[in-house]
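Note sheet for the following structure.
Excluded from the calculations below are hydrogen atoms, water molecules and symmetry mates; all remaining heavy atoms, backbone and side chain alike, are included.
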Amino acid sequence: ISFTEALQHFQSAELSESRGKVRMPGRQWGLAALLRCLWGPPSLRPQLWGERELALAMAQCALDDSERVHMRILQTIYRQLTRSRLGCPRYGAHWEELGFQGRTGSSPVPGEIPRPIPKIQLNLPWSNSILSQVPQPVPVLQTQLHCPLLDNFPFCIMSVNITRIVIQALQEERLSRECNRRQQVIGVLNDLYAAAFLRLFCLWKREHGTITDASFFLKELELSTKKKPRQLLKSLEAYVSR
């Protein structure tokens with residue numbers, strides 16, 4: 001499925017339950033409003049409020065096995081990450097290639113307790129902007145295929161956490177300046193997600209990261225994403241233009 005088709009699905013879907021869970025930025029008054037005006041991030045322009053609400057509602061939309069578009073998105077993610085031309089079963093040990101822990105299916109490994117594959121929220125479909133220009137996968141998206149340093153890279157867990165960080169940055173209006181500049185929200189989220197993953201790859205490789213370093217790296221990523229999003233985006237643009 002293409003990014004455009006996936007996005008159109010969510011734009012046309014009702015998502016009433018997901019929209020009800022959205023936490024929008026609160027309006028500030030008095031001294032807090034004055035301090036924000038002087039030193040805080042700018043507010044998102046009103047014409048972008050609808051796209052912001054859609055993005056936050058998508059982040060609340062859980063994976064639904066009965067929804068065909070959700071399954072197509074899941075298949076596309078698997079094929080993009082593994083560079084496979086074939087689809088895959090919904091359950092099975094093949095998901096371990098992407099960092100899921102444990103195997104699931106009708107025939108689990110002997111002695112193993114069957115566990116369902118964690119349901120990752122369908123929040124950021126594949127971007128058709130910067131990522132479409134990359135001639136080969138961003139290094140970190142290759143996980144452990146070519147880099148021994150990534151043999152124990154917790155891809156799935158880090159992906160979920162980076163998504164959480166990017167969504168929080170949007171909720172806290174840390175991305176408003178960039179969204180206003182580009183006149184879009186979802187495109188900024190997608191590119192910032194990719195930029196944060198690229199930053200994580202660089203940190204992991206430089207510091208010879210292990211799973212015990214994950215929390216430290218996530219704290220650094222959260223700081224960079226919320227305090228210096230433009231700098232992260234520029235690093236992604238520099239990588240793409242190499």
Side-chain angles (χ1 to χ4, degrees), residues 1-22 47-92 94-95 97-100 116-138 140-143 155-156 158-171 175 178-179 182-198 233 236 240:
I1 190 171
S2 69
F3 169 78
T4 300
E5 186 180 354
L7 181 59
Q8 287 174 345
H9 165 76
F10 288 104
Q11 289 172 331
S12 60
E14 185 179 356
L15 298 181
S16 56
E17 182 178 349
S18 298
R19 290 181 187 274
K21 299 176 183 178
V22 170
Q47 58 265 37
L48 297 176
W49 289 357
E51 189 178 356
R52 177 180 60 187
E53 183 183 2
L54 173 63
L56 295 177
M58 290 164 64
Q60 295 292 336
C61 183
L63 182 63
D64 183 356
D65 286 2
S66 65
E67 173 55 65
R68 183 170 177 269
V69 172
H70 287 198
M71 293 300 99
R72 290 177 63 199
I73 291 174
L74 192 64
Q75 289 286 322
T76 299
I77 291 173
Y78 178 83
R79 293 174 64 178
Q80 288 284 345
L81 291 176
T82 61
R83 285 317 196 210
S84 171
R85 295 184 177 181
L86 303 175
C88 66
R90 171 66 177 89
Y91 299 100
H94 51 278
W95 289 104
E97 296 179 53
L98 307 185
F100 290 100
I117 293 176
K119 289 188 176 182
I120 297 179
Q121 293 177 330
L122 294 174
N123 30 43
L124 298 178
W126 288 99
S127 170
N128 64 344
S129 51
I130 287 183
L131 285 183
S132 66
Q133 304 172 39
V134 181
Q136 53 186 340
V138 174
V140 71
L141 297 185
Q142 298 179 44
T143 61
F155 177 84
C156 177
M158 298 307 258
S159 175
V160 171
N161 276 280
I162 290 175
T163 296
R164 172 185 59 80
I165 290 171
V166 172
I167 291 296
Q168 284 182 350
L170 177 65
Q171 289 175 320
L175 310 181
E178 187 65 21
C179 291
R182 291 173 51 172
Q183 288 294 295
Q184 58 177 300
V185 174
I186 292 177
V188 172
L189 293 179
N190 279 324
D191 292 344
L192 189 60
Y193 173 89
F197 235 132
L198 181 60
L233 290 168
L236 178 63
V240 171

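Side-chain atoms of E178 do not come within 3.5 Å of backbone N or O of V188 as any donor-acceptor pair. Within the 3.5 Å criterion, the main-chain N or O of L63 finds no donor-acceptor partner in the side chain of H70. Within the 3.5 Å criterion, the main-chain N or O of Q184 finds no donor-acceptor partner in the side chain of E51.
You'll find the side chain of L54 stays beyond 4.5 Å of the side chain of V185, heavy atoms only. Side chains of I73 and Y78 form no contact here, defined as non-hydrogen atoms less than 4.5 Å apart. The closest side-chain heavy-atom distance from V160 to R164 is not below 4.5 Å. Put simply, the side chain of R68 reaches to within 4.5 Å of the side chain of R72, judged on heavy atoms.
How far CG of D64 is from CG of L74: 12.0 Å, rounded to the nearest 0.5 Å. Distance SG/C61 to CD/E67: 8.0 Å, rounded to 0.5 Å. Distance check, rounded to the nearest 0.5 Å: CD of E53 to CE of M58 gives 12.5 Å. Note that CD1 of I162 and CD1 of I167 are 13.0 Å apart. Values are rounded to the nearest 0.5 Å. Atom CZ in R85 sits 10.0 Å away from atom CZ in R79 (nearest 0.5 Å). Here CD1 of I186 is found 12.0 Å from CZ of R182. Values are rounded to the nearest 0.5 Å.
Other residues, nucleotides and ligands contribute only 12 or fewer heavy atoms inside 6.0 Å of the CD atom of E17. Summarising the local packing, CD of Q47 is surrounded by more than 12 heavy atoms from other residues, nucleotides or ligands at distances under 6.0 Å.
Considering all non-hydrogen atoms of both residues, F10 and L15 come closest at O-CD1, 3.5 Å. Of all heavy-atom pairs between V69 and I1, the closest is CG1-CD1, 3.9 Å. Considering all non-hydrogen atoms of both residues, L175 and V166 come closest at CD1-O, 4.0 Å. The shortest non-hydrogen separation linking T163 to Y193 is OG1-CE1, 3.3 Å.
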**OP:** Could you walk me through whether Q60 and L56 pass side-chain contact (heavy atoms from CB on, under 4.5 Å), step by step?
**Re:** CA-CA 7 Å; Q60 295 292 336; L56 295 177; over 6 Å; no
